[in-house]
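See structure below.
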Amino acid sequence: MKPFYITTTLPYVNAEPHIGFAMEIIRADIIARSKKAAGHDVFFNTGTDEHGIKIYRKAKEQNIEPQEYCDKMALKFKAILPALGIMPEINFIRTTDPHHVAAAQEFWKLVDKNGYIYKKNYSVKYCVGCELEKTDSELVNGRCPLHPLTELEIIQEENYFFKWSAFQQKLLDLYAERPDFVIPDFRFNEIKAFVERGLEDFSISRIKSKMPWGIPVPGDEDQVMYVWFDALVDYISAIGWPDDEVQGKNEKGAFKKWWMETGGVVQYCGKDNLRQQSAMWQAMLMAAGLEPSRQIVINGFVTGEGGIKMSKSLGNTVDPLEIVKEYGTDALRYYVARELSPFEDSPFTKEKFKETFNAGLANGIGNLTSRVLKMVVDNGVKIEFKPVKPIAIDGYNIKAACDEIWKLIQEADKSIQDQQPFKVVKTDPEKGKEMIATLGGQLYTIAQLLEPIIPETAAKIQEHLRENKMPAAPLFARR
RNA sequence: CGCGGGGUAGGGUAACGGUAACCCGUCAGGCUCAUAACCUGAAAAUUGGCGGUUCGAUUCCGCCCCCCGCAACCA
């Protein structure tokens, strides 16, 4: 069995789980399940990113310790996985796990040993009014928009820097070698163009006295790692690097297996992560002397109606759990898989969700199941249960794969209409039953193909066919 | 001239140098096994604008207009 490793980005725990993360992990889960169905040995990773200034502030706001805050949030993220139908064997890593902390420090040491970390003074703009550091992008006309009358102070700060600039050519070589390193291609072009323009070293630490919530920098009491540097390492610490043992799984040689010998280390992420995943992280791996990732898949964003960015202030956000509560897990998975554009931004509205639900699930697979099952059960038809080769999801185009399956549903509906087995069975029972058995077989095939997309439903259909009985309630009641 | 993405039927998307496809919706007909479901057919797009290349462009090139991200430490 060929190993296959797939991971989502680790959501930052400064806010509740949102629809964007739900989309990302559902897609990764669909890929993971389809690879598993195709006979791969799959390692599927997710977790939580817990360090950094935002978390620190959030915890302070709530008057609790950062660790306590993170524990609470990590639980929340973990708790939603079953509601999203994520395969139960998924690995859940936290960047505060002792194993990860040790790995991040080891990673730092390696990169340092190889000469890619150095200390440098750099100046920070500080707004006394906010008592916060400000980045240039936060400023309006060179001033803090909240305190436009206050002069910004320039503070000198000494941080560690990562020699990103040393990897420009190596990154470009990597991109040239692997034509499908970043998917989709327009994102790949974007990152190539970015790297071609030149890279600047970036700071990878913070002064502990100002921001203590981070992994201590090895050999320097006064500094903690900048959260990005630590978080990215999770992709390898999750599979046991450096001690080659996955937590609690006791698997020797895990890193080698999942990272080096795998058919594809796939990192799923949002388009805001393009740079970090496909350029920063790859350079970091090179700096540590490790193999780069195999493939990065970039999602678009889920937007509100009319492609408008979702935001709380606009009130157009969607809570994935609310949707699950109202429509069920598979309904959300179906929408993510079939209706959202696989790579571009696409809108999520309740109205559209309902429409899609009715069309694809209630009228589509739900109704087909009812009509076939009814004929099967009423006539006591015996079906031949043949295992089927899972559908290949080419180029991570989950939507296209769904279209193929729904085409089969449509064909089954059409053949019922054209051949009218419900009529034939009354005049020629033998022939009618044969036709119905064929239909039952087709439905069984469809159910198997649906497993990665809507696993709960897929299992239900197969069960009912095997037990030769009608479901107590329709699979998807029309709304 | 900062970088990148995008503008295709009412909505959402696809495709492609040679009759513009799919889903939803709309309209008409059919069927009755089924969840007012299903099947068939129809209406509906001069593919943002203007120019160019070409026998032929929505597809390639140039310019313009509009929308959306990013612009480096935002995880």
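Values in this document were obtained by computation on a predicted structure and should not be read as measured data. Lettering of chains follows the sequences in order, A, B, ..., and the numbering in each one begins at 1.
- The only option from A:Y226, A:W164, A:F167, A:F161 that meets the ring-ring contact (aromatic ring centres under 6.0 Å, His included) definition with A:F202 turns out to be A:W164.
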Strand RNA chain B as a dot-bracket string - pairs counted if Watson-Crick or G-U with both distances under 3.5 Å, | where the partner lies in another strand: .((((((..((((....[..)))).(((((.......))))).....(((((..]....))))))))))).....
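- A side-chain donor from one of A:N45 and A:N91 sits under 3.5 Å from a side-chain acceptor of the other.
- With C1' as the reference atom, B:rG52 and B:rA71 are 33 Å apart, rounded to whole Å.
- For the OP1/OP2 pair of B:rC70 and a distance below 4.0 Å, the side-chain nitrogens and oxygens of A:K271 include no atom meeting the criterion.
- Look at A:K414 and A:D418 and you find a salt bridge, because one of the NZ, NE, NH1 or NH2 atoms lies within 4.0 Å of a carboxylate O, short of that distance.
- Near RNA chain B, meaning a heavy atom under 4.0 Å from it, residues 325-335 of chain A has no residue at all.
- The distance between atom CG of A:L373 and atom P of B:rC33, rounded to the nearest whole Å, is 16 Å.
- Residue A:K407 is classed as having no contact, given no heavy-atom separation below 4.0 Å to the nucleic acid.
- If you check every strand for non-hydrogen atoms under 4.0 Å, A:E200 touches a base.
- Residue contacts for A:A362: at a heavy-atom cut-off of 4.0 Å it reaches a base atom on one of the strands shown.
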Worked verdict on A:E50 versus A:T95 for side-chain hydrogen bond (donor to acceptor under 3.5 Å, both in side chains): CA-CA 6 Å; A:E50 307 185 0; A:T95 57; 5.1 Å; no
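- Residue A:W164 is classed as a base contact, given a heavy-atom separation below 4.0 Å to a base.
- We find that A:K352 and A:E339 are joined by a salt bridge, their nearest charged nitrogen and carboxylate oxygen being less than 4.0 Å apart.
- No side-chain N or O of A:T7 forms a donor-acceptor pair with one of A:Q267 less than 3.5 Å apart.
- The distance between atom NZ of A:K192 and atom P of B:rC70, rounded to the nearest whole Å, is 23 Å.
- Looking at heavy-atom distances under 4.0 Å, A:S203 makes contact with a base.
- Comparing the P positions of B:rA14 and B:rC50 gives an interatomic distance of 25 Å, to the nearest angstrom.
- Which of B:rC31, B:rC33, B:rC73 sits closest to the side chain of A:K426 comes down to B:rC33.
- Spacing between B:rC66 and B:rG56 at atom P, rounded to whole Å, works out to 32 Å.
- Put simply, CD on A:E190 is 12 Å from C1' on B:rG6, counting in whole angstrom units.
- Separation of the C1' atoms belonging to B:rG48 and B:rC65 is 8 Å when rounded to the nearest angstrom.
- Across B:rG11 and B:rA45, the matching P atoms stand 12 Å from one another, rounded to whole Å.
- Among the atoms of the strands shown, base atoms are found under 4.0 Å from some heavy atom of A:L475.
- Of the candidate nucleotides B:rC24, B:rA34, B:rC74, B:rA34 has the atom lying nearest to any side-chain atom of A:R371.
- Residue-level contact check: A:G52 touches neither bases nor backbone, having no heavy atom under 4.0 Å from any strand.
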Audit row: A:Y335, A:F357, side-chain contact (heavy atoms from CB on, under 4.5 Å) steps and yes/no: CA-CA 7 Å; A:Y335 190 88; A:F357 175 91; over 6 Å; no
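- B:rG25 and B:rA20 have their P atoms separated by 25 Å, given to the nearest Å.
- Taking atom NZ of residue A:K399 and atom P of nucleotide B:rC24, one finds them 12 Å apart after rounding to whole Å.
- Atom CD in A:E344 sits roughly 12 Å away from atom C1' in B:rG4 (whole-Å rounding).
- Across all strands, A:D413 comes closer than 4.0 Å only to sugar-phosphate atoms, never to a base (heavy-atom distances).
- Closest contact between the side chain of A:R338 and the listed nucleotides B:rG5, B:rC23, B:rC33 involves B:rC23.
- Residue A:Q276 has no polar side-chain atom (N or O) positioned under 4.0 Å from OP1 or OP2 of B:rA72.
- Along RNA chain B, the nucleotide closest to A:S346 and the one closest to A:T9 are compared, and the more 5′ of them pairs with A:S346.
- Taking atom CE of A:M375 as the reference point, atom C1' of B:rU32 lies 11 Å away to the nearest angstrom.
- Side-chain atoms of A:E339 lie closest to B:rG12 of the nucleotides B:rU35, B:rG12, B:rC74.
- With B:rC31, B:rC33, B:rA37 as the choices, the nucleotide that has an atom nearest any side-chain atom of A:Q420 turns out to be B:rC31.
- Ion pairing between A:E351 and A:K354 fails under the 4.0 Å rule for side-chain N and carboxylate O.
- The listed nucleotides are B:rC73, B:rC31, B:rA72; the one nearest the side chain of A:F194 is B:rA72.
- Minimum atom distance to the side chain of A:F186 is reached by B:rG5, of the listed B:rC33, B:rG5, B:rC24.
- The aromatic rings of A:Y334 and A:W406 lie tilted to each other, with the angle between the two planes from 30° to 60°.
- For the P atoms, the distance linking B:rG12 with B:rG17 amounts to 26 Å, nearest Å.
- Below 30°, between 30° and 60°, or above 60°: for A:F77 and A:F21 the angle between ring planes is above 60°, a perpendicular geometry.
- For the pair A:L443/A:I365, a side-chain contact is recorded, criterion being any heavy-atom separation below 4.5 Å from C-beta on.
- Within the nucleic acid shown, A:N363 comes within 4.0 Å of sugar-phosphate atoms alone, with no base atom in reach, counting heavy atoms only.
- The side chain of A:S341 contributes an N or O atom lying less than 4.0 Å from OP1 or OP2 of B:rA14.
- Distance A:K374 NZ to B:rC31 P: 21 Å, rounded to the nearest Å.
- Tested against A:K119, the residues A:D220, A:D201, A:D112, A:D222 include a single salt bridge (charged side-chain N to carboxylate O under 4.0 Å, His left out) partner, A:D220.
- Under the 4.0 Å criterion applied to side-chain N and carboxylate O atoms, A:R94 and A:D234 are not assigned as salt-bridge partners.
- We find the CG-CG distance between A:N468 and A:L373 to be 7.5 Å, quoted to the nearest 0.5 Å.
- Here, B:rC55 and B:rC23 have their C1' atoms 36 Å apart, quoted to the whole Å.
- Picking from B:rU35, B:rA72, B:rC39 the nucleotide with the shortest atom distance to the side chain of A:R275 gives B:rA72.
- Heavy atoms of A:G270 sit nowhere under 4.0 angstrom from any nucleic acid atom.
- When heavy atoms are screened at a 4.0 angstrom cut-off, A:F476 is found touching base atoms of the nucleic acid.
- Rounded to whole angstrom, the span from the CZ atom of A:R206 across to the P atom of B:rC73 amounts to 9 Å.
- Side-chain proximity of A:Q410 to the nucleotides B:rC23, B:rU13, B:rA37 is greatest for B:rC23.
- With centroids closer than 5.5 Å and planes inclined by less than 30 degrees as the test, A:F422 and the base of B:rC33 pass as a stacked pair.
- Mapping A:T369 and A:K414 onto RNA chain B via the closest heavy atom, the residue that lands nearer the 5' end is A:T369.
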